[in-house]
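Positions are given from 1 along the sequence. Just so you know, ligand 1 is whichever comes first in the structure, and atom 1 is the first atom listed for that ligand.
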Amino acid sequence: MFNKILIANRGEIACRIITTARKMGVKTVAVYSDADKQARHVKMADEAVHLGPSPSRESYLVSEKVIAAAKQTGAEAIHPGYGFLSENAEFCRLCEQENITFIGPPVAAIEAMGSKSAAKNIMEKAKVPLVPGYHGDEQSLEVIKQAADEMGYPVLLKAAAGGGGKGMRQIWHSDEFAEGFDAVKREALSSFGDDHLLVEKYLTAPRHVEIQVFCDSHGNAVYLFERDCSVQRRHQKVIEEAPAFAMPEALRQHMGEAAIKSAQAIGYVGAGTVEFLLNPNHENLEQSEFYFMEMNTRLQVEHPVTEMITGEDLVEWQLKVAAGQLLPKKQAQLSMTGHAFEARIYAEDPNNDFLPATGKLNYLNAPAESRFVRVDTGVEQGDEVSVFYDPMIAKLIVWDENRQRALTRLKQALTQYQVQGVTTNIEFLYNLANSEAFANEQIDTGFIEKHHDSLFPANNTLNANQTKIAAIKSALAFVVHNMQQQVKQSPWSQNTGFRLNQKNTLDVELKLDSTNDDVDFNRILLEFVKNQDGEYIFDVTFDSDVSTCQCSAMLQQQQLITTINGHHCSSTAVFENDLQTVHLFGEQGAFTFNRKTPDFGEASDSNANAGLTAPMNGTMVNVLVEANEQVKEGQALVIMEAMKMEHTIRAPKDGTVTALFYQAGDMVSGGAELIGFEAIDA
Ligand code: ADP
């Protein structure tokens, strides 16, 4: 076994690898960029080497710097994690030349799977079933379009070098083909430096089922069962589970063997994932067709669900195999128990097309870990989610005896995941886990689109009562917090004229922070006294409701304990914005309320130019219109790129482009006005 390894990665995966290495008595070296000086992975490792500036191109992606760091620290092996250099054959070759073990497959295997097209050629020869399509070398628009026209629509255009759901577009009609072709080529070139494309038949309701395989350098191979990763947004996984639901044993075995055949076709060594599309035959699942999609030649983000059901540590397996040992187990020794889910917690805005979010994690509280709950994360409270890297905050993994119980664990743990300061997808994940269709296993890769309305409840009417209770709790928290602070100059204490054991009255107007514009302020009248135990006792009138409720409240740091009409519960209250905002986290999820201030609400006038600002920091990719051009509602005006995703800014109404403020290639700050626009009816 190695004495010391270097982890050429950051974030949760670097931390996760360090944990296993430490358990095995292997020393660890972290690497970091400017932005990551204080990062968790740096603190966790035995040593850390600075690589360079924050952009990954100048730090984590520079092979020479990583190799130099390994040599400088005497690391004998490099674990690349996922992303970054993990599937970079050139880097793997450099390691070989420098006599450093690459903890992953041989160069040739990475090269063979590096291109989706080349991989398909190999699998075709190995008789692994493929999705119908064209994956040849001839790359003209005419040839690829002809293949699509012959196959019939819808089709899926893919960048051969693509990954992470990027460089992919569905095309529904022949006449959209050329536009899509250009866009995917452009994205492929900018994201992967390679504009080679392939086209496949687009299956409309498949499942994504992938097999975890492992091979050693002595010719042994096993599969560690499957994961279902069908719940996706923009072809990126959101919630994964193992085993796949409703999986007949015969199909599992059939797919497992096909996966091993795929791995062996390229002389694989190490951990790999063979991804299949499963076209379910609902009459007889066992008869379902499955097609090879691609093989990921590395540890997969969602590997923890496999670890939870098998009890194996896949990173430990990786280190052992890389050190030349035999696979720790044979196929017959592997078994699975229970069911596991993983939810990817992202800094992003589900209500704004999952746009990545940035900011400071002002408050971060993850559920307690146990044998049922695991949290893989690379961040701590106070850390910054920057524009430089993937905005994943953590992976929340749960396990229990069966799917239903594991799902209950997932919902519970999600409500306990409390983040403030950055927009997250936690509420969206909760809605997903809580949806009936998800519980009933009515899942395919179109799940999110199909269940859009229940996953994005625009009008929070369904929660009117919960919102009311949360508003009352928030009002109680405001009062108690203020009383505790005794801030002399604040308008609060001036208003209250508070005296111990005398009834005080306070009028609080709170408004739910919501994407729904119709939300109004609620007026909450609180009459209160402090009792001998230091507890505040209230009579609360909500929106002049005739029936008042009796409440009591205590606040210990951020823990708020309330009793409302005899119902006792505990939540977390985080204040912000000079006490004008409270974030309340509790059993019912997270709520944010804002207090009314004299000038509140002035800035919210909508104007005809709304939507023509940059959604975030990024680069202008293409300007599709000219100044003074007349445009139609919905017409694409400019294309921006941020965090390797393209965002098309469209005309909100019929109108005229009055000015263009940026050219292709320009850097643009989030919120900057991109285009002058005058709507016709404005
Ligand atoms: P990436 O390498 O970017 O992850 P994949 O080729 O693995 O891309 O595909 C990602 C996802 O896109 C799949 O899980 C599936 O949901 C969807 N997808 C890929 N190919 C097809 C197809 N031919 N038909 C329908 N969906 C597909």
Side-chain angles (χ1 to χ4, degrees), residues 82-83 86-88 110 112-121 123-124 128-135 144 147-148 151-172 180 183-184 187-188 190-192 194-212 226-241 244 255 259 262 272-280 288-303 342 344 354 390 392 443-450 643-646:
Y82 54 74
S86 62
E87 291 175 294
N88 183 322
I110 298 182
M113 294 295 115
S115 151
K116 289 184 202 274
S117 303
K120 283 176 178 254
N121 285 330
M123 293 308 153
E124 204 164 33
V128 178
L130 300 181
V131 192
Y134 172 81
H135 46 89
I144 300 183
M151 219 163 21
Y153 291 81
V155 299
L156 190 63
L157 259 178
K158 288 185 182 179
K166 287 164 193 150
M168 219 186 293
R169 183 180 285 222
Q170 301 157 17
I171 314 259
W172 292 83
V184 181
E187 198 178 332
S190 77
S191 297
F192 312 108
D194 175 353
D195 67 356
H196 205 96
L197 303 190
L198 62 96
V199 66
E200 280 175 4
K201 183 85 197 153
Y202 181 67
L203 307 179
T204 47
R207 287 170 60 182
H208 172 122
V209 176
E210 59 183 34
I211 310 285
Q212 176 70 57
E226 76 285 349
R227 299 182 281 258
D228 189 302
C229 314
S230 300
V231 179
Q232 303 178 345
R233 55 135 178 79
R234 284 207 213 101
H235 305 300
Q236 254 188 314
K237 297 156 188 167
V238 175
I239 292 187
E240 302 98 340
E241 57 185 294
M255 291 181 79
S262 311
T273 295
V274 184
E275 297 190 329
F276 293 105
L277 281 179
L278 178 69
N279 214 2
S288 302
E289 309 245 34
F290 60 90
Y291 308 104
F292 171 87
M293 212 168 11
E294 65 168 346
M295 177 166 183
N296 292 320
T297 54
R298 52 169 164 83
L299 192 67
Q300 198 92 325
V301 177
E302 59 275 18
H303 76 276
E342 174 184 280
R344 299 189 187 194
F354 297 99
D390 184 89
M392 188 160 75
I443 301 172
D444 59 54
T445 57
F447 187 88
I448 292 177
E449 289 81 38
K450 270 178 214 156
M643 291 190 177
K644 295 194 179 160
M645 294 291 309
E646 281 197 358

Winner among Met293, Glu275, His235 once heavy atoms are compared against atom 13 (C) of ligand 1: Met293

Close approach of Gln170 to ligand 1, heavy atoms, under 4.0 angstrom: no

Taking atom 27 (C) of ligand 1 as the reference point, the nearest protein heavy atom with its distance: Leu156 CD2, 3.6 Å

Non-hydrogen atom of Lys158 closer than 4.0 Å to ligand 1: yes

Residue and atom name of the nearest protein heavy atom (relative to atom 3 (O) of ligand 1), distance in Å to one decimal: Gly165 N, 2.6 Å

Top protein contact for atom 14 (O) of ligand 1, by heavy-atom distance: His208 ND1, 2.5 Å

Nearest non-hydrogen protein atom, atom 24 (N) of ligand 1: Leu203 N, 2.9 Å

Option with minimal heavy-atom separation from atom 22 (C) of ligand 1, where the choices are Thr445, Val131, Asp444, Leu277: Leu277

Part of Thr204 with heavy atoms under 4.0 Å of ligand 1, whether side chain, backbone, both or neither: neither

Arg207 side chain to Ser288 side chain, donor-acceptor N/O pair below 3.5 angstrom: no

salt_bridge(Lys158, Glu294) N-O dist < 4.0 Å: no

Which segment of Gln236 sits under 4.0 Å of ligand 1 when only heavy atoms are counted: neither

Flag for Gln300-Glu210: side-chain donor and acceptor within less than 3.5 Å: yes

pair Phe276-Val274: side-chain heavy atoms closer than 4.5 Å: yes

For Glu200, atoms of ligand 1 separated by under 4.0 Å from a heavy atom: 20 (N), 21 (C), 22 (C), 23 (N)

CD/Gln170: more than 12 non-hydrogen atoms of other groups inside 6.0 Å: yes

Stepwise side chain to side chain contact (heavy atoms under 4.5 Å, CB included) check, Asn88 with Ile110: CA-CA 7 Å; Asn88 183 322; Ile110 298 182; over 6 Å; no

Atom 15 (C) of ligand 1: the protein heavy-atom neighbour that sits closest, reported with distance to 0.1 Å: Gln232 OE1, 3.6 Å

Taking atom 10 (C) of ligand 1 as the reference point, the nearest protein heavy atom with its distance: Met168 CE, 3.7 Å

For Glu294, the ligand 1 atoms whose distance to one of its heavy atoms is below 4.0 Å: 1 (P), 2 (O), 4 (O), 5 (P), 7 (O), 8 (O)

Where Gln212 and Gly272 come nearest, the two heavy atoms and their spacing: NE2-O, 3.2 Å

Any N/O pair Tyr202/ligand 1 closer than 3.5 Å: no

His135 versus Asn121, side-chain donor and acceptor atoms under 3.5 Å: yes

Side chain to side chain contact (heavy atoms under 4.5 Å, CB included) assessment of Leu157 paired with Leu198: CA-CA 6 Å; Leu157 259 178; Leu198 62 96; over 6 Å; no

Residue-ligand contact Lys116/ligand 1, heavy atom below 4.0 Å: yes

Atom pair CD/OH of Glu200 and Tyr134 - distance to nearest 0.5 Å: 14.0 Å

